[in-house]
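Data first, discussion second: the structure below is written as structure tokens.
The figures that follow rest on heavy atoms only: side chains count, while hydrogens, waters and symmetry mates do not. Keep in mind that what you see is a predicted model, and the values were worked out from it rather than measured.
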Amino acid sequence: MSNVQLKAYKVSRIKFNNIVNGTVQLCFSNTVSHNVRYTPDSTCEATLCIEVLDKKQPDVLNISIELKGIFQIKKNVEKEFIHVDTFKELFPIGKALITTITANAGIKPIIIENIDIEEQEIYRMEMNRKPED
């Protein structure tokens, strides 16, 4: 069961560049980033960015999106679980968006592979703040 509930999402950025001429073989590289900003009222905003580009000629074909989601968080849930669950909610939406954009652009649809976020390394840094005088 998820520790978060998606309340709303929006696509805040889409960048698509397609200047492929003729028949060329493309070799794609994907970059995915995911960040969560927490608020004191049991909600958070998660931002998912996906970039797909050709490894050899990134200027020929590339697409990037930024997707933001607002989530209600269950009480007393650790941030690592919230990070994972918000990713699991947003990634399929972002993946479908990339596929839809490329299919509607008249090119072969780009289908990004699934990512098992629980198998990825998640780094957490605690910043020690000096007490204010």
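- Here CG of Leu90 is found 4.0 Å from CZ of Phe71. Values are rounded to the nearest 0.5 Å.
- When atom types are taken as modelled, the side chain of Lys15 and the backbone of Ser64 share no donor-acceptor pair closer than 3.5 angstrom.
- In this structure the side chain of Cys49 reaches within 4.5 angstrom of the side chain of Arg13, judged on heavy atoms.
- Going from atom CD1 of Ile115 over to atom CD1 of Ile50 covers 7.0 Å, rounded to the nearest 0.5 Å.
- With values rounded to the nearest 0.5 angstrom, Asn114 atom CG is found 12.0 Å from Lys88 atom NZ.
- Grouping the Ile, Leu, Val, Met, Phe, Trp and Tyr side chains by contacts below 4.5 angstrom, directly or via other members, places Leu53 apart from Ile107.
- In this structure, Thr86 OG1 and Gln5 CD are separated by 14.0 Å, a value rounded to the nearest 0.5 Å.
- The hydrophobic cluster containing Ile70 does not contain Tyr9, counting ILVMFWY residues as joined when their side-chain heavy atoms lie under 4.5 angstrom apart, directly or transitively.
- Across every non-hydrogen atom of Leu6 and Glu89, the tightest pair is CB-OE1, 4.2 Å.
- Atom OH of Tyr38 has more than 12 neighbouring heavy atoms from other residues, nucleotides or ligands inside a 6.0 Å radius.
- Between the side chain of Ser12 and the main chain of Glu66, a donor-acceptor pair closer than 3.5 Å is present.
- Inter-residue side-chain proximity for Ile111 and Lys95 is flagged as met; some heavy-atom pair is nearer than 4.5 Å.
- Contact record, Gly94 with Leu67: N-CD2, 3.7 Å, taken as the closest heavy-atom pair.
- Annotation for Asp59 and Asn62: closest pair CA-ND2, 4.0 Å, computed over non-hydrogen atoms.
- Here the CG atom belonging to Asn35 is positioned 9.0 Å from the NZ atom belonging to Lys68, to the nearest 0.5 angstrom.
- In this structure, Lys55 and Ser29 approach most closely via the heavy-atom pair CG-CB, 3.6 Å.
- Residues Val60 and Asp54 form no side-chain contact, since every pair of their non-hydrogen atoms from C-beta on lies 4.5 Å or further apart.
- Expressed to the nearest 0.5 Å, how far CG of Leu61 lies from CG of Asn17 amounts to 7.5 Å.
- Val52 pairs with exactly one of Ile110, Thr102, Val32 by the side chain to side chain contact (heavy atoms under 4.5 Å, CB included) rule, that one being Ile110.
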